Asker: 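Here it is, the structure, as structure tokens.
All of these numbers come straight from a predicted model, not from anything done at the bench. Throughout, protein chains are lettered first and strands after them, A, B, ... in sequence-line order, and every chain is numbered starting at 1. Scope of the values below: all heavy atoms of this structure, side chains included, with no hydrogens, waters or symmetry mates.
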2 protein chains.
Amino acid sequence: MVDVADRAGVSVKTVSRVVNNAPYVRQDLVDRVLAAVTELGYRSNGLARTLRSGGATSTIGLVIEEIGNPFYATVAAAVAEVASTHGTMLLTASSEEDPQREQDLLLDLCSRRVDGLLVVPAGFDHTFLRVEVEMGTPVVFLDRPAGGLLADTVLLDNRGGAEAGIRHLLARGHRRIATLLDSTAVYTMAERLGGAQHALAEAGITGDPALIRDGVADPDTAAHVTADLLDSADPPTAFFSTNNRITVGVVRELWRRGSDAALVGFDDFELSHLMPRPFTVIRYDTRELGRQAARLLFQRIDGDDSPPTTTVLPTRLVERGL
Amino acid sequence: MVDVADRAGVSVKTVSRVVNNAPYVRQDLVDRVLAAVTELGYRSNGLARTLRSGGATSTIGLVIEEIGNPFYATVAAAVAEVASTHGTMLLTASSEEDPQREQDLLLDLCSRRVDGLLVVPAGFDHTFLRVEVEMGTPVVFLDRPAGGLLADTVLLDNRGGAEAGIRHLLARGHRRIATLLDSTAVYTMAERLGGAQHALAEAGITGDPALIRDGVADPDTAAHVTADLLDSADPPTAFFSTNNRITVGVVRELWRRGSDAALVGFDDFELSHLMPRPFTVIRYDTRELGRQAARLLFQRIDGDDSPPTTTVLPTRLVERGL
DNA sequence: TTGAAAGCGCTAACAG
DNA sequence: CTGTTAGCGCTTTCAA
């Protein structure tokens, strides 16, 4: 900057003004500065600017669970869109489901002085963020609630969706309904299982433990478990799948053996109309999840200091076939 | 930092040492500083550190075309993975196919002093980046070549893939092959079309212009165009689709009318085994594209100053059905 | 092993 | 309209 100022025969402050399009600079000085800038290949240092001006970095941080997962990719895309509206860039990091890594990333992001934080929690204790929040860095939690921290949260109606799914099957006369889930340790899974069991209990059905299958981590396992259940002495007449990956496996197995068992799956499919066998899904708007959370965050960044809110996004049962 | 130093009764330099885990600090001073840090809720300012030390920001920038597109989401995921290996965070931005926006984003990223840049070019002139490259910010281009700038580039073998696809159809006796594409203005599309026409010409087939359909932007259009072609006086017996979205539309229409026309599509499908009708695809590794580009970038960041390279990633024909 | 002073690149607060 | 000075939060340099 000093070099540019020397070259243009002005003070650094004038260079600063020109670079920032400040008003009240004589045109000939502007021209001289701009000429010096291009001749010298000068590029302003945004870091130094924020340091001195104490202003916003125009950056927000997003910490998700697993960047490779389409669900999070969609959330990130929606967040990025809102951020771009606010002239803000997005710093994305993946916690890989590791609470320690989550904390490190979050603290790193704070050290980079992001204007706000969006978090899909992996850990269960976010008290370490209290300092940041008090110091003025807003935090919004997505998809899962925060641990030990009162903060804005945007969730899906996992319980309601699962209840609707089970009721749909009950209304069609099903009494033996199998529930396949990944892990009860994950908040969303626990909620969906809870909703399913609640709807079942409501109908006076005492759940058969053999019909609840935990640890179904991928489509292959789901297909296996489905086969196993169908081959049992008293097979289920309907399946409730608690996520996309599981649904893929169940559909595949059902289709393979031409079974007419009913299926309701949590999460919709993009190419649902190309599925070999129709099935009912519990749909929700992943983009909206990211969008709402991002909007909320920018409200906070813009100074809104009303009490933290919890938003629950609706799910919708989309009936297809059996 | 001054507050912490005062509180701990040490100099700011000692606080700095403790915060950065520097050696040769007496344990009791370390303890006192750490205590002051927690009591005061001190958080170091990474921006100020990089400013003074002149070191790396441990940040790289990624500019893609359209964050909502699964292709770019996958690229971003692969890049993020490599970056995390290098203790680096990823700043992602979407150019929305707008060259001006692309330039603004890239310059913004430079002003944020990223250690390197990964770009899926939207524009055709990247000479403005020459200054940055000379100043030591490495840039790697992905999926499409840079305009007017000699830089590392990682591409897909679009031509070779298309040629293989067409040859596959020719070997099965097809002579009337329709090619559906989005826009020839897009580098990858032009290359795929070029490859297809080359393979056709090689076989002595003078392309019928009516069989090349441009401007097929989405599945619905693709389905329409497919119907239109099949209903024509001299319909094609085979289809070559130049991307995923188009393939979806073609499959849908082919399946709907039970047509036995052959189909080869560029891009594979995640749920290909659940497609209602098998078809051959030209598969490539999107993750590898991001991974290789990111690895290359980090090599440059780590000081490799050998001449810029162009890497062409192979495609593979996966035969399925007709 | 610790600290004082200078300065990274920039802008706020004032003067002129 | 333009320039000077001080200082953002930190680390480098050098001295103790």
Asker: Taking A:D182 for the side chain and A:A217 for the main chain, is one N or O donor matched with an acceptor at less than 3.5 Å?
Answerer: no
Asker: Would you indicate whether the side-chain heavy atoms of B:V154 and B:L289 approach each other to under 4.5 Å?
Answerer: yes
Asker: Would you mind reading off the distance between A:D3 atom CG and C:dC8 atom C1', rounded to a whole angstrom?
Answerer: 14 Å
Asker: For a quick check of understanding: with a heavy-atom distance under 4.0 Å over all strands, which category does B:V10 fall into, base, sugar-phosphate or nothing?
Answerer: sugar-phosphate
Asker: Starting from P on D:dT2, measure out to CG on A:L29 and report it in whole angstrom.
Answerer: 4 Å
Asker: Hey, are the side chains of B:L142 and B:V119 touching, using non-hydrogen atoms and a 4.5 Å cut-off?
Answerer: no
Asker: Could you tell me the separation between the CG atom of A:N21 and the P atom of C:dT11, rounded to a whole number of Å?
Answerer: 12 Å
Asker: Going by the angle between their ring planes, with limits at 30° and 60°, are A:Y284 and A:F71 parallel, tilted or perpendicular?
Answerer: perpendicular
Asker: For B:V25, answer base if it contacts any base atom (sugar-phosphate contacts may also be present), sugar-phosphate if it contacts only those atoms, and nothing otherwise; contact means non-hydrogen atoms under 4.0 Å.
Answerer: sugar-phosphate
Asker: I want to confirm an ordering. Mapping B:D28 and B:R113 to their closest nucleotides on DNA chain C, which one lands closer to the 5' end?
Answerer: B:D28
Asker: If you measure from OG1 on B:T309 to CG on B:L296, what distance do you get to the nearest 0.5 Å?
Answerer: 4.5 Å
Asker: Classify the angle between the aromatic ring planes of B:H126 and B:F141 as parallel (below 30°), tilted (30 to 60°) or perpendicular (above 60°).
Answerer: perpendicular
Asker: Is there a side-chain contact between A:S11 and the phosphate of D:dT2, meaning an N or O under 4.0 Å from OP1 or OP2?
Answerer: no
Asker: Figure out the NZ/P separation between B:K13 and D:dG9, and round it to whole Å.
Answerer: 18 Å
Asker: Check DNA chain D against residues 31-59 of chain A and give the residues with a non-hydrogen atom under 4.0 Å, in numerical order.
Answerer: A:L51, A:R52
Asker: Name the residue closer to the 5' end of DNA chain D, choosing between B:R17 and A:Y24 according to the nucleotide with the nearest heavy atom.
Answerer: A:Y24
Asker: Starting at atom CE of B:M1, determine the distance to atom C1' of D:dC10, rounded to an integer number of angstrom.
Answerer: 6 Å
Asker: Kindly say if A:S16 contacts the phosphate of C:dT11, meaning a side-chain N or O under 4.0 Å from OP1 or OP2.
Answerer: yes
Asker: When you measure from the side chain of B:T14, which nucleotide among C:dG3, D:dT11, C:dT11 comes out closest?
Answerer: C:dG3
Asker: Please report the closest heavy-atom contact between A:S94 and A:I67, naming both atoms and the distance.
Answerer: OG-N, 3.3 Å
